[in-house]
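Remarks on the structure that follows.
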Amino acid sequence: MTSDPKSPSPKSSSRTRDHLANERTYLAWMRTALGLMGLGIVLARIDEILPEGMLGVRQSWLLGLIACLLGLLMVAIATKNYFDIRRAIELNTYHPQKWWILIMSVILTAVGIVLIHGIFNLSR
């Protein structure tokens, strides 16, 4: 009994799944980065969006700029991470990195705290 030469081997099939999972993860980080940059644009323009006479966040442009810059930083880090993981999959040396998750969690927690602080100062 001979195997079909066109059917993938279990090893190449597994590697294909690993690459596809890496691409899905990369695209998820891109969506998050775009969302963060979109939030930045809204924050930067909040004074133009609010009705006249309503107090806006005085430094909303700064919060917006920070959110946009964090989004751009996330794009750069996610792209580098994608290619690092791609190379590791090909070399069969991949080991999950916890620093990536910790750094992004700390950054997004800090952004959330700043936004909550800004919202409560807005309501005063």
Side-chain angles (χ1 to χ4, degrees):
M1 192 184 236
T2 61
S3 65
D4 181 10
K6 293 181 182 179
S7 67
S9 69
K11 186 176 181 178
S12 72
S13 175
S14 173
R15 196 170 77 202
T16 299
R17 279 194 305 274
D18 292 343
H19 281 295
L20 292 173
N22 187 31
E23 288 180 21
R24 284 190 301 273
T25 302
Y26 174 73
L27 292 173
W29 282 108
M30 291 297 104
R31 283 190 303 272
T32 303
L34 284 172
L36 195 53
M37 288 186 278
L39 174 65
I41 291 169
V42 170
L43 287 172
R45 302 289 183 196
I46 195 89
D47 290 330
E48 296 172 16
I49 296 170
L50 293 174
E52 196 170 321
M54 186 173 179
L55 289 176
V57 179
R58 291 186 192 134
Q59 300 299 322
S60 64
W61 67 270
L62 182 59
L63 291 175
L65 177 63
I66 290 169
C68 285
L69 290 174
L70 284 174
L72 288 174
L73 178 65
M74 188 179 289
V75 168
I77 292 171
T79 302
K80 180 190 178 314
N81 192 50
Y82 168 79
F83 284 109
D84 288 348
I85 290 173
R86 186 175 187 268
R87 185 179 319 106
I89 290 170
E90 285 298 314
L91 297 174
N92 201 25
T93 60
Y94 174 74
H95 299 288
Q97 301 172 349
K98 56 184 160 187
W99 70 266
W100 169 247
I101 302 300
L102 291 172
I103 289 172
M104 296 314 294
S105 296
V106 168
I107 289 172
L108 291 177
T109 299
V111 168
I113 290 169
V114 168
L115 291 174
I116 289 170
H117 178 71
I119 289 169
F120 281 113
N121 280 340
L122 177 64
S123 64
R124 287 183 187 179

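As a basis for the values below, the full set of heavy atoms in this structure was taken, side chains included, without hydrogen atoms, waters or symmetry mates.
Considering CH2 of Trp29 and CG of Asn81, their distance stands at 8.5 Å, rounded to 0.5 Å. Rounding to the nearest 0.5 Å places CZ of Arg86 at 8.0 Å from CD of Glu23. Rounding to the nearest 0.5 Å places CD1 of Ile41 at 10.5 Å from CG of Leu36. One distance of note links CG of Leu27 with OG1 of Thr32; it measures 10.5 Å at 0.5 Å rounding. Put simply, CD1 on Ile103 and CD on Gln97 are 9.5 Å apart, with the number rounded to the nearest 0.5 Å. Here Asn22 contributes atom CG and Ile85 contributes atom CD1; the two are 5.0 Å apart, rounded to the nearest 0.5 Å.
Connection of Tyr94 to Tyr82 is not established within any shared hydrophobic cluster, with ILVMFWY side chains joined at heavy-atom distances below 4.5 Å, either directly or through further cluster members. One hydrophobic cluster holds both Trp99 and Leu108 under the rule that ILVMFWY side chains link at heavy-atom gaps under 4.5 Å. Criterion: ILVMFWY side-chain heavy atoms under 4.5 Å apart, direct or through other members. Under it, Leu102 and Met74 are not part of a common hydrophobic cluster. Clustering ILVMFWY residues whenever any of their side-chain heavy atoms sit less than 4.5 angstrom apart, transitively, puts Ile101 in the very cluster that holds Leu73.
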Audit row: Arg87, Asp84, salt bridge (Lys or Arg N to Asp or Glu O under 4.0 Å) steps and yes/no: CA-CA 5 Å; Arg87 185 179 319 106; Asp84 288 348; 3.5 Å; yes
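Here the closest non-hydrogen pair linking Ala78 and Met30 is CB-CE, 3.6 Å. When every heavy atom of Ala33 is checked against every heavy atom of Gly71, the shortest pair comes out as CB-O, 3.4 Å. When all heavy atoms are compared, the tightest approach of Ala67 to Gly40 is CB-CA, 3.6 Å. Taking every heavy atom of both residues into account, Asp18 and Ile89 meet most closely at O-CD1, 3.6 Å.
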